[in-house]
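Single-structure report; data block below.
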Amino acid sequence: MELLDASIVPEHARDRKLAARAFAAEEIEPVAADYHASGAYPWDVLEAAMDAGFVAQHISPEYGGRGDGLAELLAIAEEFFRVDAGIALTIQLAGFGCDILEQYGTDEQKRRCLRPVAETDQLSGLAVSEPETGSNLAGMSTEARKVDGGYRLSGEKYWVGNAVEADWLTVYAKTGDREDRYSNYSVFIVETDREGYHAEHVPEKIGMRASKQGHIVLEDCFVPETNLVGTEGGGFYMLAEFFNKGRVVVGGHGLGLAAAAIEEAESFVDTREAFGRTVSAFQAVQHTIADMRLRFESARALVWRACRKVEAGENPGYWAALAKTHATETAVFCAERSMQLHGGRSVFADRRISRVYRDARIPVIYEGANEIQRDLIFRQRP
Ligand SMILES: Cc1cc2nc3c(=O)[nH]c(=O)nc-3n(C[C@H](O)[C@H](O)[C@H](O)COP(=O)(O)OP(=O)(O)OC[C@H]3O[C@@H](n4cnc5c(N)ncnc54)[C@H](O)[C@@H]3O)c2cc1C
(Lines give C-alpha, C1' and ligand atoms only; values in the text may rest on other atoms or scores of the structure.)
Protein backbone atom coordinates (compact mmCIF):
# COMPACT_ATOMS: atom_id res chain seq x y z
CA MET A 1 0.00 0.00 0.00
CA GLU A 2 1.17 3.45 -0.79
CA LEU A 3 2.32 5.14 2.42
CA LEU A 4 1.30 8.70 1.65
CA ASP A 5 -2.08 7.75 0.22
CA ALA A 6 -4.53 10.51 -0.49
CA SER A 7 -7.56 9.21 1.39
CA ILE A 8 -6.65 11.04 4.60
CA VAL A 9 -6.06 14.32 2.76
CA PRO A 10 -9.15 16.56 2.48
CA GLU A 11 -10.53 16.54 -1.03
CA HIS A 12 -9.79 20.20 -1.64
CA ALA A 13 -6.06 19.58 -1.12
CA ARG A 14 -5.70 16.46 -3.28
CA ASP A 15 -4.90 18.19 -6.54
CA ARG A 16 -2.07 20.09 -4.84
CA LYS A 17 -0.82 16.82 -3.38
CA LEU A 18 -0.74 15.14 -6.79
CA ALA A 19 0.97 18.11 -8.38
CA ALA A 20 3.54 18.14 -5.57
CA ARG A 21 4.22 14.46 -6.08
CA ALA A 22 4.78 14.94 -9.80
CA PHE A 23 7.03 17.95 -9.22
CA ALA A 24 9.09 16.06 -6.62
CA ALA A 25 9.56 13.11 -8.96
CA GLU A 26 10.57 15.25 -11.92
CA GLU A 27 12.55 18.07 -10.35
CA ILE A 28 13.75 17.04 -6.87
CA GLU A 29 14.45 13.32 -6.98
CA PRO A 30 16.95 13.34 -9.90
CA VAL A 31 19.22 15.91 -8.19
CA ALA A 32 18.64 15.16 -4.50
CA ALA A 33 21.72 13.00 -3.91
CA ASP A 34 24.02 15.46 -5.71
CA TYR A 35 22.81 18.45 -3.70
CA HIS A 36 23.12 16.45 -0.50
CA ALA A 37 26.71 15.62 -1.41
CA SER A 38 27.71 19.13 -2.49
CA GLY A 39 25.74 21.12 0.08
CA ALA A 40 25.10 23.74 -2.61
CA TYR A 41 22.00 25.96 -2.59
CA PRO A 42 19.57 24.41 -5.11
CA TRP A 43 18.76 27.61 -7.02
CA ASP A 44 17.62 25.74 -10.15
CA VAL A 45 15.13 23.57 -8.24
CA LEU A 46 13.90 26.59 -6.30
CA GLU A 47 13.30 28.45 -9.57
CA ALA A 48 11.46 25.45 -11.01
CA ALA A 49 9.34 25.34 -7.84
CA MET A 50 8.57 29.04 -8.26
CA ASP A 51 7.46 28.45 -11.86
CA ALA A 52 5.36 25.46 -10.81
CA GLY A 53 3.59 27.46 -8.06
CA PHE A 54 5.07 25.87 -4.94
CA VAL A 55 6.81 28.86 -3.38
CA ALA A 56 5.06 31.20 -0.94
CA GLN A 57 1.65 30.26 -2.26
CA HIS A 58 0.09 30.44 1.19
CA ILE A 59 0.01 34.20 0.59
CA SER A 60 -3.53 35.28 -0.24
CA PRO A 61 -4.63 36.04 -3.82
CA GLU A 62 -5.05 39.69 -2.80
CA TYR A 63 -1.25 39.91 -2.55
CA GLY A 64 -0.37 37.67 -5.46
CA GLY A 65 -0.43 34.15 -3.97
CA ARG A 66 -2.89 31.25 -4.27
CA GLY A 67 -4.03 31.32 -0.65
CA ASP A 68 -3.01 27.71 0.04
CA GLY A 69 -4.41 26.63 3.40
CA LEU A 70 -2.85 24.42 6.06
CA ALA A 71 -4.09 21.18 4.47
CA GLU A 72 -2.47 22.09 1.13
CA LEU A 73 0.81 23.04 2.85
CA LEU A 74 0.83 19.79 4.81
CA ALA A 75 0.03 17.68 1.74
CA ILE A 76 2.86 19.34 -0.19
CA ALA A 77 5.30 18.97 2.72
CA GLU A 78 4.68 15.22 3.01
CA GLU A 79 5.43 14.72 -0.67
CA PHE A 80 8.49 16.98 -0.87
CA PHE A 81 10.10 15.75 2.36
CA ARG A 82 9.64 12.16 1.25
CA VAL A 83 11.85 12.85 -1.75
CA ASP A 84 14.45 15.17 -0.23
CA ALA A 85 14.27 17.10 3.02
CA GLY A 86 17.06 19.57 2.24
CA ILE A 87 15.58 20.78 -1.04
CA ALA A 88 12.08 20.66 0.45
CA LEU A 89 13.15 22.94 3.29
CA THR A 90 14.69 25.42 0.86
CA ILE A 91 11.44 25.56 -1.12
CA GLN A 92 9.34 26.00 2.01
CA LEU A 93 11.59 28.62 3.63
CA ALA A 94 11.65 30.86 0.55
CA GLY A 95 8.40 32.37 1.86
CA PHE A 96 9.04 31.86 5.58
CA GLY A 97 7.58 34.39 8.01
CA CYS A 98 5.13 35.79 5.46
CA ASP A 99 2.14 34.50 7.43
CA ILE A 100 3.00 36.85 10.29
CA LEU A 101 3.03 39.81 7.93
CA GLU A 102 -0.15 38.71 6.22
CA GLN A 103 -1.96 38.46 9.53
CA TYR A 104 -0.61 41.49 11.38
CA GLY A 105 0.98 43.76 8.77
CA THR A 106 -0.46 46.93 7.29
CA ASP A 107 -1.72 47.02 3.73
CA GLU A 108 1.34 49.09 2.76
CA GLN A 109 3.69 46.46 4.27
CA LYS A 110 1.88 43.67 2.48
CA ARG A 111 2.03 45.42 -0.88
CA ARG A 112 5.70 46.29 -0.37
CA CYS A 113 6.91 42.94 1.02
CA LEU A 114 4.39 40.13 0.53
CA ARG A 115 3.57 40.67 -3.12
CA PRO A 116 7.20 40.39 -4.38
CA VAL A 117 7.58 37.08 -2.48
CA ALA A 118 4.28 35.71 -3.79
CA GLU A 119 5.32 36.75 -7.29
CA THR A 120 8.70 35.06 -6.66
CA ASP A 121 10.80 38.16 -7.22
CA GLN A 122 12.02 38.10 -3.62
CA LEU A 123 12.81 35.63 -0.82
CA SER A 124 11.84 36.08 2.81
CA GLY A 125 12.86 34.47 6.10
CA LEU A 126 12.19 34.48 9.82
CA ALA A 127 14.91 35.34 12.35
CA VAL A 128 14.13 34.28 15.90
CA SER A 129 16.89 31.99 17.23
CA GLU A 130 20.13 33.39 18.60
CA PRO A 131 23.60 31.90 19.14
CA GLU A 132 23.05 31.72 22.92
CA THR A 133 19.26 31.20 23.03
CA GLY A 134 17.09 28.99 20.87
CA SER A 135 14.35 27.38 22.92
CA ASN A 136 13.50 30.25 25.23
CA LEU A 137 11.42 32.64 23.12
CA ALA A 138 11.01 35.04 26.03
CA GLY A 139 14.75 35.08 26.68
CA MET A 140 16.12 36.42 23.38
CA SER A 141 18.53 39.33 23.71
CA THR A 142 18.56 41.08 20.30
CA GLU A 143 17.29 44.58 21.06
CA ALA A 144 15.31 47.11 19.05
CA ARG A 145 15.91 50.57 20.56
CA LYS A 146 13.31 53.24 19.79
CA VAL A 147 14.91 56.23 18.07
CA ASP A 148 13.62 59.19 16.11
CA GLY A 149 11.53 57.82 13.21
CA GLY A 150 12.12 54.15 13.90
CA TYR A 151 14.22 51.56 15.72
CA ARG A 152 17.87 50.53 15.87
CA LEU A 153 18.42 46.76 16.09
CA SER A 154 21.50 45.26 17.74
CA GLY A 155 22.32 41.65 18.45
CA GLU A 156 22.82 38.30 16.75
CA LYS A 157 20.54 35.74 15.15
CA TYR A 158 21.54 32.17 14.34
CA TRP A 159 20.21 29.31 12.22
CA VAL A 160 18.16 31.68 10.08
CA GLY A 161 16.98 30.13 6.81
CA ASN A 162 17.99 32.31 3.86
CA ALA A 163 19.78 34.86 6.10
CA VAL A 164 22.26 35.30 3.24
CA GLU A 165 19.92 34.74 0.30
CA ALA A 166 16.74 36.54 1.38
CA ASP A 167 15.67 40.08 0.46
CA TRP A 168 13.98 40.74 3.78
CA LEU A 169 13.34 38.95 7.05
CA THR A 170 10.88 39.19 9.87
CA VAL A 171 13.14 39.71 12.88
CA TYR A 172 12.08 39.08 16.48
CA ALA A 173 13.62 41.58 18.89
CA LYS A 174 13.28 42.90 22.41
CA THR A 175 11.51 46.23 22.76
CA GLY A 176 10.67 46.34 26.46
CA ASP A 177 11.71 45.31 29.94
CA ARG A 178 8.37 44.64 31.59
CA GLU A 179 7.86 42.18 34.40
CA ASP A 180 5.59 40.20 32.08
CA ARG A 181 8.46 39.00 29.90
CA TYR A 182 6.08 37.77 27.17
CA SER A 183 5.19 41.37 26.35
CA ASN A 184 8.77 42.47 25.72
CA TYR A 185 9.16 41.38 22.09
CA SER A 186 8.19 42.78 18.72
CA VAL A 187 8.55 41.74 15.10
CA PHE A 188 10.22 43.91 12.44
CA ILE A 189 10.70 43.73 8.71
CA VAL A 190 14.45 44.01 8.11
CA GLU A 191 15.67 44.32 4.52
CA THR A 192 18.94 42.46 4.17
CA ASP A 193 20.65 45.31 2.30
CA ARG A 194 20.31 47.69 5.25
CA GLU A 195 23.43 49.20 6.78
CA GLY A 196 24.34 47.26 9.91
CA TYR A 197 22.98 43.90 8.60
CA HIS A 198 25.71 41.28 8.17
CA ALA A 199 25.12 37.57 7.49
CA GLU A 200 27.19 34.52 6.71
CA HIS A 201 26.35 30.84 6.43
CA VAL A 202 26.60 28.63 9.51
CA PRO A 203 29.09 25.72 9.24
CA GLU A 204 28.24 22.74 6.99
CA LYS A 205 25.56 20.47 8.40
CA ILE A 206 25.31 16.68 8.35
CA GLY A 207 21.68 16.74 7.19
CA MET A 208 19.32 18.84 5.04
CA ARG A 209 22.48 19.97 3.33
CA ALA A 210 20.67 21.59 0.40
CA SER A 211 19.14 24.15 2.76
CA LYS A 212 21.18 27.10 3.99
CA GLN A 213 21.04 28.80 7.35
CA GLY A 214 22.87 31.89 8.43
CA HIS A 215 24.41 33.76 11.35
CA ILE A 216 23.27 37.38 11.39
CA VAL A 217 24.96 40.25 13.18
CA LEU A 218 22.84 43.38 13.56
CA GLU A 219 24.95 46.43 14.34
CA ASP A 220 22.78 49.39 15.21
CA CYS A 221 20.70 48.51 12.14
CA PHE A 222 18.07 51.22 11.55
CA VAL A 223 14.55 50.35 10.40
CA PRO A 224 11.78 52.95 10.04
CA GLU A 225 8.68 52.84 12.19
CA THR A 226 6.76 51.57 9.17
CA ASN A 227 8.73 48.28 9.49
CA LEU A 228 7.23 47.39 12.87
CA VAL A 229 4.76 44.52 12.30
CA GLY A 230 1.58 44.74 14.39
CA THR A 231 1.82 46.30 17.82
CA GLU A 232 4.96 46.86 19.84
CA GLY A 233 5.19 44.16 22.49
CA GLY A 234 2.96 41.70 20.61
CA GLY A 235 5.76 39.64 19.02
CA PHE A 236 5.73 36.67 21.38
CA TYR A 237 2.03 36.04 20.81
CA MET A 238 2.33 36.52 17.05
CA LEU A 239 5.06 33.89 16.96
CA ALA A 240 3.13 31.46 19.14
CA GLU A 241 0.26 31.59 16.67
CA PHE A 242 2.58 31.30 13.68
CA PHE A 243 4.20 28.20 15.18
CA ASN A 244 0.86 26.45 15.61
CA LYS A 245 0.48 26.19 11.85
CA GLY A 246 4.20 25.73 11.29
CA ARG A 247 4.37 22.76 13.63
CA VAL A 248 1.62 20.92 11.81
CA VAL A 249 3.62 21.38 8.61
CA VAL A 250 6.75 20.13 10.43
CA GLY A 251 4.63 17.09 11.27
CA GLY A 252 4.51 16.67 7.49
CA HIS A 253 8.32 16.87 7.39
CA GLY A 254 8.43 13.93 9.79
CA LEU A 255 5.86 11.93 7.86
CA GLY A 256 7.68 12.40 4.55
CA LEU A 257 10.98 11.31 6.09
CA ALA A 258 9.37 8.34 7.85
CA ALA A 259 7.73 7.23 4.60
CA ALA A 260 11.10 7.37 2.82
CA ALA A 261 12.72 5.29 5.58
CA ILE A 262 9.99 2.65 5.40
CA GLU A 263 10.15 2.47 1.60
CA GLU A 264 13.89 1.92 1.73
CA ALA A 265 13.60 -0.72 4.46
CA GLU A 266 10.86 -2.70 2.72
CA SER A 267 12.56 -2.76 -0.65
CA PHE A 268 15.93 -3.72 0.86
CA VAL A 269 14.69 -6.62 3.01
CA ASP A 270 12.69 -8.02 0.10
CA THR A 271 15.81 -8.37 -2.05
CA ARG A 272 18.66 -9.03 0.38
CA GLU A 273 19.37 -12.69 1.23
CA ALA A 274 20.80 -14.17 4.44
CA PHE A 275 20.88 -17.78 5.65
CA GLY A 276 19.40 -18.91 2.34
CA ARG A 277 16.27 -16.79 2.42
CA THR A 278 15.29 -13.18 1.92
CA VAL A 279 15.82 -11.06 4.99
CA SER A 280 12.09 -10.23 5.00
CA ALA A 281 11.33 -13.87 5.75
CA PHE A 282 12.63 -13.52 9.33
CA GLN A 283 9.88 -12.84 11.83
CA ALA A 284 12.06 -10.37 13.76
CA VAL A 285 12.44 -8.34 10.58
CA GLN A 286 8.71 -8.50 9.88
CA HIS A 287 8.02 -7.19 13.39
CA THR A 288 10.44 -4.33 12.87
CA ILE A 289 8.61 -3.35 9.69
CA ALA A 290 5.31 -3.71 11.55
CA ASP A 291 6.56 -1.40 14.31
CA MET A 292 7.60 1.19 11.74
CA ARG A 293 4.18 1.06 10.07
CA LEU A 294 2.40 1.24 13.44
CA ARG A 295 4.16 4.42 14.37
CA PHE A 296 3.86 5.89 10.90
CA GLU A 297 0.11 5.33 10.58
CA SER A 298 -0.62 6.60 14.09
CA ALA A 299 1.52 9.68 13.53
CA ARG A 300 -0.16 10.39 10.19
CA ALA A 301 -3.63 10.08 11.68
CA LEU A 302 -2.60 12.44 14.47
CA VAL A 303 -1.02 15.02 12.17
CA TRP A 304 -4.07 15.22 9.91
CA ARG A 305 -6.34 15.43 12.94
CA ALA A 306 -4.17 18.24 14.29
CA CYS A 307 -4.43 19.97 10.94
CA ARG A 308 -8.23 20.08 11.27
CA LYS A 309 -8.03 21.21 14.90
CA VAL A 310 -5.56 24.00 14.17
CA GLU A 311 -7.59 25.18 11.17
CA ALA A 312 -10.70 25.26 13.38
CA GLY A 313 -8.85 27.09 16.18
CA GLU A 314 -9.63 24.31 18.68
CA ASN A 315 -6.82 24.28 21.25
CA PRO A 316 -4.31 24.69 18.39
CA GLY A 317 -1.13 24.87 20.51
CA TYR A 318 -1.83 21.48 22.06
CA TRP A 319 -2.62 19.73 18.77
CA ALA A 320 0.28 21.30 16.89
CA ALA A 321 2.74 20.20 19.57
CA LEU A 322 1.34 16.65 19.61
CA ALA A 323 1.59 16.39 15.83
CA LYS A 324 5.09 17.82 15.56
CA THR A 325 6.48 15.67 18.36
CA HIS A 326 5.00 12.35 17.31
CA ALA A 327 5.68 12.68 13.59
CA THR A 328 9.26 13.89 13.92
CA GLU A 329 10.11 11.18 16.47
CA THR A 330 8.49 8.62 14.18
CA ALA A 331 10.89 9.76 11.46
CA VAL A 332 13.88 9.25 13.77
CA PHE A 333 12.60 5.83 14.83
CA CYS A 334 11.90 4.65 11.28
CA ALA A 335 15.21 5.97 9.97
CA GLU A 336 17.15 4.25 12.72
CA ARG A 337 15.33 0.92 12.26
CA SER A 338 15.72 1.12 8.51
CA MET A 339 19.46 1.68 8.89
CA GLN A 340 19.69 -1.47 11.02
CA LEU A 341 17.85 -3.51 8.41
CA HIS A 342 20.27 -2.30 5.73
CA GLY A 343 23.19 -3.91 7.56
CA GLY A 344 26.63 -2.66 6.51
CA ARG A 345 25.23 -0.99 3.42
CA SER A 346 23.38 1.51 5.63
CA VAL A 347 26.56 3.53 6.06
CA PHE A 348 27.34 4.05 2.38
CA ALA A 349 27.18 7.80 1.98
CA ASP A 350 25.31 7.65 -1.33
CA ARG A 351 22.40 5.55 -0.01
CA ARG A 352 19.04 7.27 0.31
CA ILE A 353 18.61 5.77 3.78
CA SER A 354 21.79 7.38 5.09
CA ARG A 355 20.53 10.77 3.82
CA VAL A 356 17.14 10.21 5.48
CA TYR A 357 18.87 9.13 8.72
CA ARG A 358 20.83 12.36 8.91
CA ASP A 359 17.93 14.57 7.81
CA ALA A 360 15.58 13.02 10.36
CA ARG A 361 17.71 14.37 13.22
CA ILE A 362 16.67 17.93 12.40
CA PRO A 363 12.86 18.28 12.67
CA VAL A 364 12.97 17.01 16.28
CA ILE A 365 14.85 20.25 17.01
CA TYR A 366 13.54 23.05 14.79
CA GLU A 367 10.32 24.98 15.38
CA GLY A 368 10.94 24.21 19.04
CA ALA A 369 12.85 21.19 20.37
CA ASN A 370 10.54 18.33 21.29
CA GLU A 371 11.16 18.86 25.01
CA ILE A 372 9.51 22.27 24.58
CA GLN A 373 6.64 20.61 22.69
CA ARG A 374 6.11 18.26 25.64
CA ASP A 375 5.94 21.28 27.95
CA LEU A 376 3.26 22.75 25.67
CA ILE A 377 1.33 19.46 25.51
CA PHE A 378 1.28 19.21 29.29
CA ARG A 379 0.41 22.86 29.92
CA GLN A 380 -2.26 23.10 27.24
CA ARG A 381 -3.85 19.70 27.70
CA PRO A 382 -7.63 20.00 27.77
C1 LIG B 1 18.27 23.22 9.95
C2 LIG B 1 17.75 24.24 10.93
C3 LIG B 1 16.96 25.29 10.43
C4 LIG B 1 16.51 26.29 11.31
N5 LIG B 1 15.83 27.36 10.79
C6 LIG B 1 15.55 28.42 11.60
C7 LIG B 1 15.01 29.63 11.06
O8 LIG B 1 14.75 29.76 9.84
N9 LIG B 1 14.79 30.68 11.91
C10 LIG B 1 15.07 30.61 13.25
O11 LIG B 1 14.86 31.58 13.96
N12 LIG B 1 15.58 29.46 13.80
C13 LIG B 1 15.83 28.38 13.01
N14 LIG B 1 16.37 27.22 13.55
C15 LIG B 1 16.69 27.17 14.98
C16 LIG B 1 15.84 26.20 15.79
O17 LIG B 1 14.54 26.69 15.92
C18 LIG B 1 16.57 26.01 17.14
O19 LIG B 1 17.71 25.22 16.89
C20 LIG B 1 15.69 25.35 18.17
O21 LIG B 1 14.68 26.23 18.59
C22 LIG B 1 16.49 24.90 19.40
O23 LIG B 1 17.30 25.95 19.86
P24 LIG B 1 18.85 25.68 20.17
O25 LIG B 1 19.46 24.99 19.01
O26 LIG B 1 19.46 26.99 20.59
O27 LIG B 1 18.85 24.69 21.36
P28 LIG B 1 18.86 25.05 22.94
O29 LIG B 1 17.76 25.99 23.27
O30 LIG B 1 20.24 25.43 23.32
O31 LIG B 1 18.51 23.65 23.55
C32 LIG B 1 19.44 22.55 23.47
C33 LIG B 1 18.75 21.32 23.99
O34 LIG B 1 18.52 21.50 25.39
C35 LIG B 1 17.33 20.86 25.76
N36 LIG B 1 16.40 21.86 26.31
C37 LIG B 1 16.39 23.21 26.10
N38 LIG B 1 15.40 23.79 26.79
C39 LIG B 1 14.75 22.80 27.47
C40 LIG B 1 13.64 22.75 28.37
N41 LIG B 1 12.96 23.85 28.70
N42 LIG B 1 13.26 21.54 28.85
C43 LIG B 1 13.94 20.41 28.53
N44 LIG B 1 15.00 20.40 27.69
C45 LIG B 1 15.41 21.57 27.17
C46 LIG B 1 16.77 20.21 24.48
O47 LIG B 1 17.23 18.88 24.42
C48 LIG B 1 17.38 21.03 23.39
O49 LIG B 1 17.46 20.34 22.15
C50 LIG B 1 16.81 26.19 12.69
C51 LIG B 1 17.54 25.11 13.18
C52 LIG B 1 18.02 24.15 12.32
C53 LIG B 1 18.84 23.02 12.89
Side-chain angles (χ1 to χ4, degrees), residues 35-36 39 41-42 56 77 81 84-100 117 123-142 153 155-174 181 185 187-188 190 192 199-218 235-236 238-240 242-247 249-250 253-254 257 320-321 324-325 328-329 331-332 355 358-379:
Y35 274 114
H36 177 76
Y41 193 85
F81 277 77
D84 186 66
I87 294 175
L89 191 67
T90 291
I91 294 172
Q92 187 191 321
L93 293 192
F96 205 39
C98 283
D99 321 43
I100 299 178
V117 177
L123 302 183
S124 66
L126 174 69
V128 178
S129 309
E130 300 186 351
E132 302 306 326
T133 316
S135 299
N136 183 4
L137 280 186
M140 303 284 170
S141 61
T142 293
L153 276 71
E156 294 179 49
K157 293 287 173 188
Y158 206 74
W159 286 122
V160 177
N162 291 328
V164 175
E165 295 79 10
D167 296 276
W168 59 270
L169 306 170
T170 36
V171 175
Y172 179 77
K174 196 166 184 192
R181 59 198 193 109
Y185 292 88
V187 170
F188 297 89
V190 178
T192 56
E200 58 179 26
H201 288 134
V202 301
E204 288 294 326
K205 311 187 298 297
I206 61 158
M208 295 194 188
R209 287 173 45 71
S211 75
K212 291 285 163 201
Q213 287 73 32
H215 176 188
I216 300 170
V217 177
L218 294 160
F236 179 90
M238 292 183 207
L239 266 195
F242 169 78
F243 282 137
N244 288 342
K245 286 193 177 162
R247 285 173 184 152
V249 178
V250 174
H253 300 185
L257 283 160
K324 192 264 185 187
T325 305
T328 58
E329 291 177 5
V332 171
R355 177 156 47 95
R358 297 184 197 193
D359 291 347
R361 279 306 316 156
I362 297 180
V364 288
I365 303 295
Y366 62 33
E367 297 232 7
N370 282 5
E371 289 87 344
I372 305 300
Q373 305 309 311
R374 285 185 163 81
D375 287 345
L376 295 172
I377 293 165
F378 183 79
R379 277 194 227 124

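Because the structure is a prediction, the values reported are computed rather than measured. We count ligands from 1, going down the list as the structure has it; atoms in each ligand are counted the same way.
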Does [atom] have a protein non-hydrogen atom under 4.0 Å from it?
{"atom": "atom 11 (O) of ligand 1", "answer": "yes"}
{"atom": "atom 33 (C) of ligand 1", "answer": "no"}
{"atom": "atom 30 (O) of ligand 1", "answer": "no"}

Can you tell me the protein heavy atom closest to [atom] and the distance?
{"atom": "atom 21 (O) of ligand 1", "value": "Gly134 O, 3.5 Å"}
{"atom": "atom 48 (C) of ligand 1", "value": "Ala369 CB, 3.9 Å"}
{"atom": "atom 8 (O) of ligand 1", "value": "Gly161 N, 3.0 Å"}
{"atom": "atom 14 (N) of ligand 1", "value": "Trp159 CB, 3.4 Å"}
{"atom": "atom 16 (C) of ligand 1", "value": "Ser129 OG, 3.7 Å"}
{"atom": "atom 27 (O) of ligand 1", "value": "Ser135 OG, 4.0 Å"}
{"atom": "atom 39 (C) of ligand 1", "value": "Ile372 CD1, 3.9 Å"}

Fit a plane to each ring of His253 and Phe81, take the angle between them on a 0 to 90° scale, and name the class: parallel (under 30°), tilted (30 to 60°) or perpendicular (over 60°).
-> parallel
Specify whether Tyr172 and Tyr185 have parallel, tilted or perpendicular ring planes, treating 30° as the upper limit for parallel and 60° as the lower limit for perpendicular.
-> parallel
Please work out which of Glu371, Arg374, Glu132 has its closest non-hydrogen atom nearest to atom 42 (N) of ligand 1.
-> Glu371
In Å and rounded to the nearest 0.5 Å, what is the NE2 to NZ distance from His36 to Lys205?
-> 10.5 Å
Are Glu204 and Lys212 ion-paired here, with the side-chain N under 4.0 Å from a carboxylate O?
-> yes
Quick one: do Asp84 and Arg355 make a salt bridge, cutoff under 4.0 Å?
-> yes
When Leu239, Val160, Val187 are each screened for side-chain contact (heavy atoms from CB on, under 4.5 Å) with Leu126, the one that passes is Leu239
How far apart are the C-alpha atoms of Glu156 and His215, what are their side-chain angles, what is the distance that settles it, and do they pass the side chain to side chain donor-acceptor pair (under 3.5 Å) test?
-> CA-CA 7 Å; Glu156 294 179 49; His215 176 188; 2.7 Å; yes
Has ligand 1 got any nitrogen or oxygen that is less than 3.5 angstrom from a nitrogen or oxygen of Val128?
-> yes
Quick one: does Ser124's side chain have a donor or acceptor within less than 3.5 Å of a partner on Phe96's backbone?
-> yes
Part of [X] with heavy atoms under 4.0 Å of ligand 1, whether side chain, backbone, both or neither:
{"X": "Ile362", "value": "side chain"}
{"X": "Ile365", "value": "both"}
{"X": "Glu367", "value": "backbone"}

Work out whether the distance between some heavy atom of Gln213 and some atom of ligand 1 is less than 4.0 Å.
-> yes
